[in-house]
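Just so you know, these numbers use all the heavy atoms, side chains as well, and skip hydrogens, waters and symmetry mates. Proteins get letters first, then strands, A, B, ... in listed order; numbering begins at 1 in each.
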Amino acid sequence: MVAMEILLCVENYDLAATLDSGQAFRWQKENDSWVGIIGKHWVRLTQTPDGIRAVTAAPVADWNFLREFLQTEIDLAAVLKTFPDDEPMRAAVAACPGLRLLKQDPWECLASFILSSTKQIVQIRQIIALLCERFGERLAPQPPISSGFFYAFPTPEKIARLTEAELRACKMGFRAPNLLAAARQIAEGKFDLEKIRRLDYAEARAELMKLRGVGGKIADCVLLFAYGFDSAFPVDVWIERALQQLYFPRRRASEPRLRLFAATHFGPHAGYAQQYLFHYMRTKLN
DNA sequence: GCCCAGGTGAAGC
DNA sequence: GCTTCACATGGG
């Protein structure tokens with residue numbers, strides 16, 4: 001039914017933690033709600049006792065874009081059961097039992113994580129906000145009951161036509177040429193983001209790593225947050241610290257060694273486990 | 001000023 | 001294989 005509002009019934013879904021856990025960078029808290037853009041849809045999300053209430057700025061005929069993005073159909077309890085039964089995982093899950101993985105647009109996710117390297121999450125948000133304001137499509141009509149304007153994430157074609165200087169002006173520093181090169185390859189049809197879906201995990205990872213500025217960590221983020229490869233296990237400074245402290249407290253393990261451990265220890269949904277550990281490390285007091 | 005941030009790539013052993 | 005370094009920029 002065409003409507004501007006829907007209630008997605010879902011249990012065990014921590015909306016705030018999910019939208020604010022460093023997998024997506026464009027969601028803003030407004031009072032008790034979260035406002036963001038999915039594709040060209042302006043959306044306001046609110047956690048309710050029954051699930052998640054969504055309000056849009058324009059009538060929507062097919063709400064699957066939202067179910068897909070939020071991954072509300074995932075049986076989280078079944079995923080959690082596959083986690084190893086050890087003390088660190090128990091603590092990480094207990095700290096935030098409704099944490100979920102989103103399924104984002106591949107280009108937005110890839111571009112965002114190209115911009116993420118050696119940046120704090122707050123700053124990644126600032127860079128992406130600037131990029132969208134300057135080069136993203138202005139979304140009309142202006143959304144109700146909300147402040148400011150909203151923009152779509154700029155397309156590869158749009159970014160491909162920019163200069164490196166215009167990108168650097170968005171404070172992205174040495175990441176600018178990497179984003180520009182990726183956008184140009186995609187816009188010119190030399191790199192196919194859709195093809196990634198048809199590859200297995202190892203092939204898909206290798207394919208993404210052909211892009212300048214995309215190493216194993218960023219490739220894993222994109223595979224996990226946009227393509228749904230649950231086995232992808234991004235190892236960043238936080239996760240490296242977590243694995244080192246929680247699983248190898250006495251001896252130092254190299255990054256390849258940690259990746260090997262992660263691939264075998266956390267099971268088929270290692271990526272979910274990774275998100276719990278990441279959130280746990282970033283939120284716990286110590 | 002100093003150190004660090006959801007890293008990567010190149011260069012050195 | 002492992003270690004070190006440059007790379008922009010801003011926050012604590």
Are any of [X]'s side-chain N or O atoms less than 4.0 Å away from OP1 or OP2 of [N]?
| X | N | value |
| --- | --- | --- |
| R282(A) | dG6(B) | yes |
| K171(A) | dA8(C) | no |
| S117(A) | dT8(B) | no |
| R241(A) | dA5(B) | yes |
| R168(A) | dA8(C) | yes |
| R212(A) | dA10(B) | yes |

Could you give the [atom1]-to-[atom2] distance, from [X] to [N], as a whole number of Å?
| X | N | atom1 | atom2 | value |
| --- | --- | --- | --- | --- |
| L110(A) | dT8(B) | CG | P | 12 Å |
| L115(A) | dT8(B) | CG | P | 13 Å |
| N178(A) | dT8(B) | CG | C1' | 8 Å |
| F174(A) | dG10(C) | CZ | P | 13 Å |
| I124(A) | dT9(C) | CD1 | C1' | 12 Å |
| L179(A) | dA8(C) | CG | P | 15 Å |
| M209(A) | dA10(B) | CE | P | 12 Å |
| I128(A) | dA5(B) | CD1 | P | 19 Å |

Is there a donor-acceptor pair under 3.5 Å between the side chain of [X] and the backbone N or O of [Y]?
| X | Y | value |
| --- | --- | --- |
| Q71(A) | E68(A) | yes |
| Y13(A) | L70(A) | yes |
| R282(A) | L277(A) | no |

Rounded to whole angstrom, note down the [atom1] distance from [N] over to [M].
| N | M | atom1 | answer |
| --- | --- | --- | --- |
| dG10(C) | dT8(B) | P | 22 Å |
| dC5(C) | dC4(B) | C1' | 16 Å |
| dT4(C) | dG6(B) | P | 22 Å |

Using the side-chain heavy atoms of [X], tell me which of these nucleotides is nearest: [options].
| X | options | answer |
| --- | --- | --- |
| S254(A) | dC2(C), dT9(C), dG6(B) | dC2(C) |
| Q123(A) | dG6(B), dT9(C), dT3(C) | dT9(C) |
| K119(A) | dT9(C), dG6(B), dA8(C) | dT9(C) |

So [X], base contact, sugar-phosphate only, or nothing? Heavy-atom distance under 4.0 Å.
| X | value |
| --- | --- |
| F225(A) | base |
| L211(A) | sugar-phosphate |
| S112(A) | nothing |
| I239(A) | base |

With a 4.0 Å cut-off, would you call R26(A) and E108(A) a salt bridge?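 Looking at R26(A) and E108(A), the cut-off is met.
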Is R168(A) salt-bridged to E164(A), cutoff N-O under 4.0 Å?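 Salt bridge between R168(A) and E164(A), a charged N being under 4.0 Å from a carboxylate O: yes.
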Should the side chain of E255(A) and the base of dG7(B) be counted as holding a donor-acceptor pair, with the cut-off at 3.5 Å?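 No, the side chain and the base share no sub-3.5 Å donor-acceptor pair.
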Is there a donor and acceptor pair, one atom on the side chain of K217(A) and one on the base of dT8(B), closer than 3.5 Å?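 By the distance-only test, no, there is no pair.
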Please compare Q274(A) and G213(A) by the position of their nearest nucleotide in DNA chain B and report the one closer to 5'.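 Result: Q274(A).
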Quick one, H41(A) with F65(A), criterion ring-ring contact (aromatic ring centres under 6.0 Å, His included). Give me CA distance, side-chain angles, the key distance, then yes/no. CA-CA 9 Å; H41(A) 298 278; F65(A) 79 93; 3.8 Å; yes
On the 0 to 90° scale, with breaks at 30° and 60°, tag the Y247(A)-F261(A) ring pair as parallel, tilted or perpendicular.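 The rings of Y247(A) and F261(A) sit tilted, inter-plane angle from 30° to 60°.
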Could you say whether the aromatic ring of F113(A) and the base of dG6(B) stack, counting only centre distances under 5.5 Å and plane angles under 30°?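 Here the ring of F113(A) and the base of dG6(B) are not stacked, as the 5.5 Å and 30° limits are not both satisfied.
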